[in-house]
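The structure appears right after this line, and notes come after that.
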Amino acid sequence: MIRLGVNIDHVATLRNARGETYPSPVQAAAFAELGGADNITCHLREDRRHIRDADVELLRRTIQVPLNFEIAATDEMVRIAGQTRPHAVTLVPEKRQELTTEGGLDLNQASKKLGEQIKALRDLGIVVSLFVEPEVEDMVMAHKLGAQAIEIHSGHYCRKMQEAKTTAEQVALLKPLQEAARVAHDQGLQVHVGHGLNYGNAQWMQHVPHLEEANIGHAIVARAVFVGLPQAVREMKALLNDPQYRPYIGG
Ligand code: PXP
């Protein structure tokens, strides 16, 4: 079974847009759990544009499923992770100007410090995952750095899928993800995927070998506006796991 991690950042974005206390990302997490979310993901960005420190604290205390805490590899964030003690930390690159995380970590430029941060988090019993491009060398580097999991960046794949016209093209686009997943698995890494997945492309993830988890935010929160969060989560889980499931596709 491919686990579904529901990213609830966008609920916080909506709350902050009006300077209100609602909708609450913590309540959203509870509704996502009702729909079968296997974990809850939130990204505490350095500029706190959506999730805030108090949200992380409350999520940690209230959700019943594991928390996947997404952060940049900075001293501040690693310290907060140490205090929060989530089940997992996913380390991502972060630029202030970007709308969302735009690519995987550059592991060729990875410093000794990144290895030390990974070790410090692991020593606290936290599972450490690195958000990386579907490149074979990155899988090997992630293992060398001491990570237990990688989250393969599916953003570029998803963009290209929008333009693919034939099934042959769609199948070919999966190759880099499949190859990266195989190598990651050979290195003993758990294989996760995330970014850009939606109700039109998530079913293809069933063809990625060894895939254990998909982390999905925007598409689920967007669909929840029409069908409610539990239903949006149920539909996405079916897409990830049921080869027969054919949903209404609205985006
Ligand atoms: N995984 C990572 C590492 C991300 O940064 C994001 C975006 O916050 C996601 C998954 C979810 O991406 P999307 O909102 O496109 O589903």
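This chain uses plain numbering: 1 for the first residue, then up along the sequence. In each ligand, atom 1 is the first atom listed, and ligand 1 is the first ligand listed.
Ranking the protein heavy atoms by distance from atom 1 (N) of ligand 1 puts Glu151 OE2, 2.5 Å first. Protein heavy atom in closest approach to atom 16 (O) of ligand 1: Gly217 N, 2.8 Å. When only non-hydrogen protein atoms are considered, atom 8 (O) of ligand 1 lies nearest to Asn7 ND2, 3.4 Å. Counting protein heavy atoms only, atom 4 (C) of ligand 1 is closest to Glu70 OE2, 3.3 Å. Of the protein's non-hydrogen atoms, the one nearest atom 14 (O) of ligand 1 is His218 N, 2.9 Å.
Taking only nitrogen or oxygen atoms, main chain and side chain alike, Ile216 does not reach within less than 3.5 Å of ligand 1.
Heavy-atom proximity to Val92, at under 4.0 Å, picks out these atoms of ligand 1: 3 (C).
Between His207 and Trp204, the ring planes lie tilted relative to each other; the angle falls in the 30° to 60° range.
Taking a cutoff of 4.0 Å between a charged side-chain nitrogen and a carboxylate oxygen, Glu116 and Lys112 qualify as a salt bridge.
For the atom pair OG1 (Thr13) and NE2 (His218), the distance works out to 10.5 Å, reported to the nearest 0.5 Å. One distance of note links NE2 of His87 with CD1 of Ile126; it measures 10.5 Å at 0.5 Å rounding. Distance CD/Glu70 to CD1/Ile51: 10.5 Å, rounded to 0.5 Å.
Within the 4.0 Å heavy-atom cutoff, Asn215 counts among the residues contacting ligand 1. At least one heavy atom of Gly196 sits less than 4.0 Å from an atom of ligand 1.
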One pair to check against salt bridge (charged side-chain N to carboxylate O under 4.0 Å, His left out): Arg48 and Asp55. What are the steps and the verdict? CA-CA 11 Å; Arg48 309 300 198 268; Asp55 297 325; over 6 Å; no
After noting the C-alpha distance and the side-chain angles of Arg182 and Asp186, does the key distance pass the salt bridge (charged side-chain N to carboxylate O under 4.0 Å, His left out) rule? CA-CA 6 Å; Arg182 270 188 209 103; Asp186 288 349; over 6 Å; no
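Nearest to atom 6 (C) of ligand 1 by heavy atom, out of His195, Arg45, His153, is His195.
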